[in-house]
Each structure stands twice: as C-alpha cells, then as structure tokens.
Amino acid sequence: MNTVQESDQVVQRRANLEELKKLGVEPYPRRFEIDAPVDAIVAQHGSKSGEELEAAQPRTRTAGRILSIRSFGKANFLVISDGRARVQVYIRQDSLPERDFKIYKLLDFGDWIGVEGRLFRTKTNELTIWASKLEFLAKCLLPLPEKWHGLQDVEIRYRQRYLDLIVNPDARTVFEVRSRVIAAMREFLSERGFLEVETPMMQPIAGGALARPFVTHHNALDMRLFMRIAPELYLKRLTVGGIERVFEINRNFRNEGISTQHNPEFTMLEFYRAYADYNDLMTLTEEMLPFVAQKAIGGTEVTFNGQPISFTPPFRRLSLREGARAAASRRLGVDVPAESLRSREKAAELASKLHVPIESGMGAGKITAEVFEALCEEELVQPTFVYDFPTEVSPLSKQKPDDPDTVERFELYAGGFELANAFSELNDPVEQRRRFEEQLASRAGGDEEAHAMDEDYVRALEFGMPPAGGEGVGIDRLVMLLTGSPSIRDVILFPLMRPK
RNA sequence: GGGCCGCUAGCUCAAUUGGCAGAGCAGCAGACUCUUAAUCUGCGGGUUCUCGGUUCGAUUCCGAGGCGGCUCACCA
C-alpha cells in the first residue's frame with residue numbers, strides 16, 4: 001500500500017478532478033456553512049411524514065461524504081453521511097443551476113459535497129433533500145471499499161481506521177461508546193469531589209505496577225526515562241499533598257505481549273480516596289460501573305462472547321484463597337484444606353498436582369495467585385470482586401490487621417478477565433521500604449517485573465499519607481464489555497501493528 | 001516465542017487432478033426525471049504477499065521469508 005498503483009479507477013477520479021477545475025470549481029475550498037449536520041437533520045425530521053414536510057417545506061444546508069450514487073440520467077439519488085447518520089439527496093437536472101448539475105456529473109463515490117435544498121419524502125418514503133444547490137468540498141481520489149460487504153479485512157480496518165469508519169457504521173458506534181464511558185467516569189468522580197490531574201508519563205523510575213517498561217532517553221539531561229507503567233505512586237504523592245480525592249484517566253505503557261486483551265499502550269482510570277478502604281471502593285465501584293454503563297449504552301445488561309453479563313449490583317464477592325482452595329478441591333476431587341496454600345512446600349505440592357507451573361522464586365502467596373488464575377479466571381464472567389490477595393504479590397497494599405500474609409486488595413473480574421484492581425493503600429513508610437526491599441530481592445533473582453525502590457516515594461510517606469483506598473479501572477476492557485468487542489484492537493482506534 | 005489458519009481485481013469471494021485466473025459489487029461507455037444492494041446493453045481491469053525449488057506448465061506441490069487472525073505461554 002506504500003506505493004499507490006495508478007489503477008484505472010484512480011486515473012478516472014483524477015480526470016474528474018481536472019474536469020472540475022476546468023469548470024472553475026475550486027477543488028479544495030476553504031469552508032462551507034451548514035445549518036445542521038446530517039445526524040441532526042435526521043434527528044429533527046426523521047419521524048415526520050411526507051405531508052408534514054410538504055406543509056412545512058423545511059430547507060436545510062448540510063454536507064457529507066457521498067456513500068452511494070444511483071443515477072437515472074436526469075434524476076439522481078446520492079446518499080451522504082456525516083459519519084454518524086446518512087441522508088438521501090435528490091439531484092434533479094431541472095432543479096439546480098447548470099453548473100451544479102455539471103459538478104454532479106463529475107462526482108465519485110467518496111467525494112465530499114455540500115448541499116442546500118428542501119426536505120421531502122420520496123414515493124418510497126425516504127427522507128430526502130431535494131437539492132437546489134450543490135458545492136464540491138473535497139475529492140476522494142482512491143476507490144473505497146464496496147458498499148454492501150463493507151470492509152471485512154481486519155488488518156486494513158486496524159491499519160487504515162479511516163476506511164473502517166467510512167464504510168462500517170458500527171466502528172463509529174464503538175468509539176462513541178468509548179467517549180461516553182470516559183465522560184461518564186469524569187462526571188461520576190467530579191460529582192463526588194474528585195480532582196482530575198495529570199502526572200508524568202515519562203518517569204525516572206517505572207513504579208506502581210509489576211510490569212516491564214519501555215525505556216527512552218532525554219538528550220539535554222542525558223537521562224534514562226521510562227514510559228510509565230502506572231500513575232500510582234504520583235497520585236499517592238498527591239494524597240500526601242492533601243488532595244483527598246484525586247483521579248487520572250490516561251495512557252499506561254507496558255512492554256509486554258500483545259493479545260486480544262493487551263495492547264502496549266492502554267488507558268486506565270486510577271483514583272484515590274482518602275479515609276476509605278477497599279470495602280468502600282467495592283461499594284463505590286458497584287455505583288460507578290452501572291452509572292457508566294447507563295450513560296454509555298443506556299443499560300447495565302450486555303452480551304460478551306455470546307454470554308449475558310449484568311452490571312446490576314451487587315456484584316459477587318469471592319475470596320482469592322477460598323476461590324483457589326475450592327477450585328483445587330473440585331479439580332482434584334478431594335477437600336483441600338486452607339493450610340495447603342499457606343506454606344511454600346504444601347502450596348508447591350498442590351500446584352504440582354494441579355499441573356500449574358511455578359518457579360523457584362515463588363513463595364506460597366505467589367503460588368496461590370497462580371493457582372487462582374489458572375483455575376478460576378476464565379469462569380469469572382459475571383462481575384466478581386476477587387478479594388484478599390497474598391501480600392507477596394501486592395507490594396503497595398496494606399495488610400489485613402490479623403493476617404500479615406494477606407492484604408486488603410481486590411480485583412474486579414468480568415467477561416473472564418481483570419477489569420479493575422484496588423486496595424487499601426499501604427501508607428506506613430517503614431513497611432513500604434521493607435516491601436520494596438523484598439521486591440529488590442526478587443529482581444536480583446531474575447524477576448524483571450519486580451518493583452524498583454523509589455526513595456522519594458518512601459520519603460513522601462514519611463511526611464504522612466492519610467489512610468486511603470485506590471483503584472485502577474481498565475478503560476479499554478470496560479469498553480470491550482460494553483460494546484461486545486472480542487478484541488482490544490476493536491476499541492483502540494490505532495492499535496499497535498508491525499509496520500508493513 | 002510455539003501451534004493452527006489466512007493472503008487472488010478497488011472491495012467481497014471462486015478457481016476441479018498442476019493445464020488459457022473468474023464472478024458479484026465498484027469503474028468506463030450508452031439508455032432511463034422517485035431510486036435505495038436500482039435495472040438493462042456493451043467494455044476494461046491481475047507482480048494470485050515475496051523469493052527460491054520441482055515441473056513442459058504452479059493460484060494450486062515443496063522450502064524460506066513477510067504481514068495478519070485465532071490460540072498457548074506472559075501480562076492488565
């Protein structure tokens with residue numbers, strides 16, 4: 001596609017453009033005044049009968065891209081679109097100036113035009129603009145995909161999203177839902193006193209999550225920088241600074257695999273609320289997601305991969321250790337005692353029986369998490385709070401008062417994948433330093449995703465961070481669920497692709 | 001990274017056992033002043049992803065590579 005072949009169709013379109021110039025038509029004019037975009041015309045007049053239109057004779061002036069041309073010689077029908085809605089245009093030789101009809105004759109499927117005329121209904125009851133003026137707005141020099149089958153090739157849909165948007169109306173719908181999801185989250189949080197902020201995307205230490213970062217370099221400072229894997233540590237510094245309710249909606253970057261659920265850059269909502277713990281956040285989440293779903297798609301029931309999913313609260317709650325224990329019991333046909341997941345030896349033995357692969361550096365907590373993911377994750381189709389995680393896999397979460405091996409953390413699962421992650425934030429600087437040091441030991445042991453030490457963050461905690469609950473919500477995945485999109489690439493306009 | 005599948009006209013897809021590469025839509029010429037996947041008549045359009053091999057002959061068989069999809073692994 002890098003070298004555009006001058007196919008006969010392109011030659012023809014270029015010739016039509018030259019003919020327009022000969023008519024004195026500016027091929028790329030500056031502006032065109034419209035009364036209303038196409039979708040507004042349809043919204044305003046779409047339900048009116050032919051008689052009503054005949055009586056009112058509403059005139060309009062609008063513009064759009066030509067999506068089809070049906071020609072009868074002296075009477076012709078175009079369909080134009082503003083990307084959201086479509087309306088028919090009636091081009092009748094005796095109804096518009098000679099120059100405008102000459103322009104019509106040189107139009108191609110895909111060109112942009114402006115039209116002025118009165119609205120009426122045809123004999124087949126189609127809402128139509130009876131054109132009295134026609135302006136040429138821009139040329140489409142390349143042939144577009146066909147109208148009936150649309151564009152099926154997913155590779156072209158992702159690489160040339162504009163084509164997808166032109167010919168597949170559903171593509172536009174997905175991104176409108178996405179936009180409403182984000183707007184609804186802002187509304188929900190703003191109403192509750194949360195302040196929206198922006199924190200660094202380029203960070204000297206990539207913290208706040210367990211993942212491999214992208215590395216970059218600042219020339220003037222001769223400084224290695226990481227694209228952020230999470231905003232977490234900066235947002236918590238802001239709670240130290242006294243911003244009791246804070247949130248950010250922005251991109252994170254993780255240098256890891258690509259799949260139907262993973263894109264190297266993805267969008268997260270992350271928010272922190274002082275004086276709240278993870279139980280409060282479960283309640284808040286049960287309010288927020290139905291609110292967002294209602295605003296974005298007008299309801300809380302969706303279908304994903306053929307399965308109905310309900311965002312009507314309350315959501316199911318499942319302890320991670322109990323979930324892992326129960327699933328292991330079912331799988332093995334024996335009653336696995338809870339203690340089996342508490343010591344490294346017993347947990348490793350259990351994992352082995354279950355054929356869950358583990359590595360030498362993993363402790364009982366990490367192994368428990370592995371068992372849970374292997375046995376339970378796919379079955380979590382309805383929204384489910386999986387709560388109380390092993391401390392070992394949660395370096396930034398606060399322990400439960402009666403159990404130092406367990407932290408107050410939950411992940412919300414839906415559709416078989418993780419949708420949100422939240423915890424009571426660890427705000428004890430001494431314990432935080434100890435956790436970082438544990439992570440450094442894992443890192444020394446070869447775990448590239450282990451957390452690095454962040455001295456400034458520990459110092460911030462030493463100034464005193466209020467008790468707080470924090471949560472991250474994967475926007476892309478939420479949009480997947482709400483739009484029934486099986487791949488994350490369907491909800492990201494320009495997903496990362498290998499260059500051709 | 002592994003496995004499986006795909007790549008043919010602008011788009012959507014065919015092509016028998018290895019035997020002149022086809023259709024629909026789109027395009028071009030013509031007819032048509034209410035059509036809507038408009039219709040009718042005629043016409044043009046190909047690096048069959050790339051490179052190499054086997055063969056008289058390759059879209060087809062073999063090998064290598066490219067890009068993509070699904071999936072497993074990893075992760076959110």
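Residue numbers begin at 1 in each chain, while the letters A, B, ... track the order of the sequences.
- Using atom C1' as the reference point in both B:rA15 and B:rU54, the two lie 22 Å apart (nearest Å).
- Of the C1' atoms belonging to B:rC28 and B:rU33, the separation is 23 Å, rounded to the nearest Å.
- Among the protein residues, A:N255 comes within range of no part of the nucleic acid, since none of its heavy atoms lies under 4.0 Å from any strand.
- Residue side chain A:N76 does not reach the base of B:rU35 through any donor-acceptor N/O pair under 3.5 Å, judged by distance alone.
- No contact: A:M268 has no heavy atom under 4.0 Å from any strand.
- Separating the CG atom of A:D108 from the P atom of B:rG27 is a distance of 8 Å, rounded to the nearest angstrom.
- Taking atom CG on A:L144 and atom C1' on B:rA9, their separation rounds to 16 Å, with Å as the unit.
- Between A:R489 and B:rG69, a side-chain N or O to OP1/OP2 separation shorter than 4.0 Å is present.
- Along RNA chain B, the nucleotide nearest A:R254 and the nucleotide nearest A:T260 are compared for position; the residue whose nucleotide lies closer to the 5' end is A:T260.
- B:rA38 atom P lies 17 Å from atom OH of A:Y90, rounded to whole Å.
- No contact: A:G474 has no heavy atom under 4.0 Å from any strand.
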Can you give me the N/O atom pairs linking the protein to nucleotides 40-42 of chain B at distances under 3.5 Å, or say none if there are none?
none

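- When heavy atoms are screened at a 4.0 angstrom cut-off, A:G150 is found touching the sugar-phosphate backbone but no base atom.
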Is there any protein nitrogen or oxygen under 3.5 Å from a nitrogen or oxygen in nucleotides 1-6 of chain B, and what are the pairs?
none

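- The side chain of A:E449 lies closest to B:rC74, out of B:rA38, B:rU33, B:rC74.
- Atom C1' of B:rU59 sits at a distance of 11 Å from the matching atom of B:rG46, rounded to the whole Å.
- Counting non-hydrogen atoms under 4.0 angstrom, A:Q93 reaches nothing in the nucleic acid.
- Note on A:Y158: only backbone sugar-phosphate atoms sit closer than 4.0 angstrom, heavy atoms only; bases stay farther off.
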task = Start with the C-alpha distance between A:Y90 and A:F77, add both sets of side-chain angles, then the distance that settles ring pair (Phe, Tyr, Trp, His ring centres under 6.0 Å), and finish with yes or no.
result = CA-CA 5 Å; A:Y90 185 40; A:F77 297 91; 5.0 Å; yes
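- Looking at heavy-atom distances under 4.0 Å, A:Y413 makes no contact with the nucleic acid at all.
- Between A:E18 and A:K22 no salt bridge is recorded (no basic side-chain N to carboxylate O distance below 4.0 Å).
- With sequence neighbours excluded, the residues forming a side-chain hydrogen bond (donor to acceptor under 3.5 Å, both in side chains) with A:K139 are A:D108, A:D111, listed by chain and number.
- Looking only at atom types and distance, the side chain of A:S71 has a donor-acceptor partner in the side chain of A:N76 under 3.5 Å away.
- Distance noted for atom C1' between B:rA14 and B:rU48: 13 Å (whole Å).
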key: Verdict with reasoning, A:F385 to A:F315, per ring pair (Phe, Tyr, Trp, His ring centres under 6.0 Å)   = CA-CA 7 Å; A:F385 291 117; A:F315 301 158; 5.6 Å; yes
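- In RNA chain B, the stems built from three or more successive Watson-Crick or G-U pairs (distances below 3.5 Å) are B:1-7 with B:66-72, B:10-13 with B:22-25, B:27-31 with B:39-43, B:49-53 with B:61-65.
- Straight-line distance between the P atoms of B:rC49 and B:rG44: roughly 25 Å, to the nearest whole Å.
- Of the residues in residues 127-139 of chain A, those placing a heavy atom less than 4.0 Å from an atom of RNA chain B are A:W130, in numerical order.
- Separating the C1' atom of B:rG18 from that of B:rC62 is a span of 13 Å, rounded to the nearest Å.
- A cation-pi arrangement is present between A:R237 and A:Y234, with the terminal nitrogen or guanidinium carbon under 6.0 Å from the aromatic centre and inside a 45° cone about the axis.
- Stacking of the aromatic ring of A:F266 onto the base of B:rA76 is found: the ring centres lie under 5.5 Å apart and the planes are inclined by under 30°.
- Between A:K366 and A:E392 there is no salt bridge, since no side-chain N of the basic residue sits under 4.0 Å from a carboxylate O of the acidic one.
- Taking the charged nitrogens against the carboxylate oxygens, A:R65 and A:D82 have no contact shorter than 4.0 Å, which rules out a salt bridge.
- At least one side-chain nitrogen or oxygen of A:K147 sits closer than 4.0 Å to the OP1 or OP2 atom of B:rA26.
- Using a 4.0 Å cut-off between charged nitrogen and carboxylate oxygen, A:R121 and A:E126 do not count as a salt-bridge pair.
- For A:Q152, counting side-chain heavy atoms from C-beta on, the closest listed nucleotide (B:rC13, B:rG68, B:rU35) is B:rC13.
- Between the side chain of A:T384 and the backbone N or O of A:V386, no donor-acceptor pair lies under 3.5 Å.
- Taking only side-chain atoms of A:E126, from C-beta outward, the nucleotide of B:rG27, B:rC25, B:rU35 with the closest atom is B:rU35.
- Within residues 56-72 of chain A, the residues approaching RNA chain B are A:R70, A:S71, A:F72, by heavy-atom distance under 4.0 Å.
- Atoms CD and CZ, from A:Q203 and A:F253 in turn, are 10.0 Å apart once rounded to the nearest 0.5 Å.
- Salt bridge status for A:E448 with A:R212: present, with a side-chain N to carboxylate O gap under 4.0 Å.
- Between the C1' atom of B:rC11 and the CD atom of A:E146 lies a distance of 5 Å, rounded to the nearest Å.
- Note: A:L412 CG to A:L281 CG = 12.0 Å, rounded to the nearest 0.5 Å.
- Using a cut-off of 4.0 Å between Lys/Arg side-chain N and Asp/Glu carboxylate O, A:E471 and A:R409 are scored as not salt-bridged.
- Here the separation of B:rC25 from B:rG6, taken at their P atoms, is 28 Å to the nearest Å.
- Looking at every heavy atom in both residues, A:P231 comes nearest to A:R228 through CB-NH1, 3.5 Å.
- Contact of A:Q9 with B:rG45 (side chain to base): no donor-acceptor pair of N or O atoms is detected under 3.5 Å.
- A:N168 places its CG atom 11 Å from the C1' atom of B:rC11, with the value rounded to the nearest Å.
- B:rC43 and B:rC34 have their P atoms separated by 29 Å, with the value rounded to a whole Å.
- Where A:L210 and A:R159 meet RNA chain B, the nucleotide closest to each residue was compared, and A:R159 sits on the side nearer the 5' end.
- A:D8 contributes no side-chain N or O that forms a donor-acceptor pair with the base of B:rG27 under 3.5 Å.
- Distance CG/A:L496 to CZ/A:F266: 13.5 Å, rounded to 0.5 Å.
- As a whole-Å value, the separation of A:F372 CZ from B:rA76 P is 14 Å.
- Distance, A:I488 CD1 to B:rC74 P: 19 Å, rounded to whole Å.
- The distance from atom CD of A:Q12 to atom C1' of B:rC43 is 13 Å, rounded to the nearest whole Å.
- The side chain of A:N16 sits closest to B:rC28 out of B:rC28, B:rU33, B:rG10.
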